[in-house]
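Shown next, in structure tokens, is the structure this report addresses.
Read the numbers this way: they start at 1 and go in the same order the structure lists the ligands and their atoms.
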Amino acid sequence: MIRQYELVERVKAYDPTADEGALNRAYVFSLKAHGAQTRASGDPYFSHPLEVAGILTGLKLDCDTIVTALLHDTVEDTLASLDEIERQFGSPVARLVDGVTKLSQLELQSDQTKHAENFRKFVLAMSKDIRVLLVKLADRLHNMRTLSFIENQDKRRRIANETMDIYAPLAERIGLKTITEELEDLAFAEINMDARNSVQARLDFLREEAGDIVPRILAAIREMLAGHRFRAVVEGREKRLYSIWRKMEIKNIAFEQLSDIVAFRIIVDSESDCYQALGFVHGAYQMVPGKFKDYISTPKPNGYRSLHTTVMGPERQRIEIQIRTREMHEEAELGVAAHWAFKQADAGSDGKQYRWLRELLDILDNASGPEEFLEHTKLEMFRDQVFCFTPHGDLINLPRGATPGDFAYAVHSHVGDTCVGAKINGRMVPLRTPLSNGDQVEIVRSTVRAPSPTWEGFLVTGKARASVRRFIRSKQRKEYETLGRAIAEKAFREIGETWAQTVIDQALPRLKLKNETELFVTLGQGLMTSQEFSSACFPTRRRPGVASRALSLVRGRSGSTKAGDAAIPIRGLLPGVAVHLAECCSPLPGDRIVGIITTGIGVTVHTIDCDTLVSFGDTPERWLDLSWDKDEAENSVHVGRLSLVVANETGSLGEMSMSIAKNNGNINNLKITSRSAEFFDFLVDVEVQDSRHLTDIIAALRAIPCVSSVERARS
Ligand code: MN
């Protein structure tokens, strides 16, 4: 464990102006706050914040960051409050501690709202101060170093995965190479111990095989450069287990050469020296084509700069050589943290001192919005989510691709059911617009309009989709019920009965239905014909002609009228001959008609334009000229059949039936022949005076926006 004076000395070593008093007070504050708490390792808990502070002194971070490191777990795990920290250490430290605390809670919370709330605080803290992340990374590094003390294997695995997926990439993103590599190796050991051990074994073998070749190569390169009177530091560094493994994974190659294990490095004084050194290296050793990379003229996205080349080295071994300046080297190892040490010299005022922080923020801001930043850092925890705000600033988190419709239902199902539009960041947008991180979403509501089934096409969340479906179902059920009640009442009128509840109640068990509502819904949906209904109500009664045809809608060819039936007012028939109206064309008074004689069946009446007549073209002897008895026809009702395609929208059924009723048509029966998310296909039997009447109804229906097509049914 680092001692108090050691810590202070370490900070003073790179920052002589550091507030020694604050460091000492933070040390004591944290020591007291954590008291007798212990870690899984059995160590006093205080050893943890102290080690974290120690890691950060390795990055030469400023005094506030070190103080924050010492205090980082006090708010979360002890009785200490943020107010107290602010009083004792000032608001900058309090803000940093708060940021780290939220970030830590993020790991622990499962409750979604809190999760999202903390995420927001994290992002906000992040965008204000990268030091929050630096402390968090150091915290994670120490926790990973002591991971083996945790007994629960699932917990160890979870922490290791999180480290691999989130923290190591974050560290890499800001250029903390050494921390990245250590995090990766520690996580690798937990996640895939077998792979790690096999890489290690292979490494040991190659090392043994190579013998003392590395020192010999180093000596040869140094000698070569000295021959040019060139000043440089030459070193050899073994690659990390995980980076070897990753290379093997990505490139699907075995590692067998020295160049796979050891990177040689030439560190020089200036950028131009880098290229000069490269010249010497290429002059002395044959370069391996395709391996040279100039990250000085084109730095990596995280700022990494260096020359990389692979040559056949002095021992006739392929070796990789990295050439860079001391400054580039520090940056490569420490990333953004390196800037602190280097820019401190010319940092006069406090503002300037944190220039690198702002520079980093610029990188984060410009290279990426929070969303892109998260994507970049492979924050898998959040990658599939978007975080949006209500106008009051409440956070709503949704899966990626979610729309304002999902947002509305996430707020409350009532908000969703009454949602008609949305504003994103103050601008009206279509409800299907995908939301982005940080969007402020305002839902425009109305009680007049209602969710449409088409919404299901763009809603992403299960909750919203289920709510819309439930809403539509209940709305439709109401419409079916209304329609069914009308059909039922009409069935009574038709046979001259007055509406009697007792009759209905008696019919219900016969129809195997639970209650009146179910009866009406069944009728309204066309699952039962009005004929079946009235038969159930009055089982002993004879079937009326008109209703009997309706039955055929559902049951096929079972309803045909008898000869002389008053319902078929046709002239030109021989007495005693049975007559049927053809199912295929459903002739109506006003239609031009023709009869076809079939022995044993009688006369079937078709409209003159019915396709079926084609098959009787070569048997003219069977044709019979018929006409309607106009006077008779006027006093009777006839059933015309319509084929409708209606938008699957709330209210469309109602509009359809209302329009038919307004035009004095009665829906005798109705059947849904197909149903999709967008449309219903209906067959509707309508009682009309004649074909003209039906044509009027068709015209009226065509005027309704939700009716996409309507034709006389020809089947
Ligand atoms: Mn901690």
Pair up each side-chain donor or acceptor in residues 2-11 with any protein partner under 3.5 Å, not counting sequence neighbours, and list the distances.
from  : atom 1 : to    : atom 2 : distance (Å)
Gln4  : NE2    : Asn24 : OD1    : 3.1
Glu6  : OE1    : Arg3  : N      : 2.9
Arg10 : NH1    : Thr57 : OG1    : 3.3

Q) Has His142 got an N/O/S atom less than 2.8 Å from the Mn ion (ligand 1)? A) no
Q | Atom nearest to the Mn ion (ligand 1) - Asp139, N, O or S atoms considered | A | OD1
Q: Measure the spacing between CG of Leu82 and CZ of Arg95 and express it to the nearest 0.5 Å.
A: 11.0 Å
Q.
Check whether Tyr45 forms a cation-pi arrangement with Arg39 (NZ or CZ under 6.0 Å from the six-membered ring centre, at most 45° off the ring normal).
A. yes
Q: Mark yes when over 12 heavy atoms from residues, nucleotides or ligands other than Lys155 sit less than 6.0 Å from its NZ; otherwise mark no.
A: no
Q. Is there an N/O/S atom in Asp73 that lies less than 2.8 Å from the Mn ion (ligand 1)?
A. yes
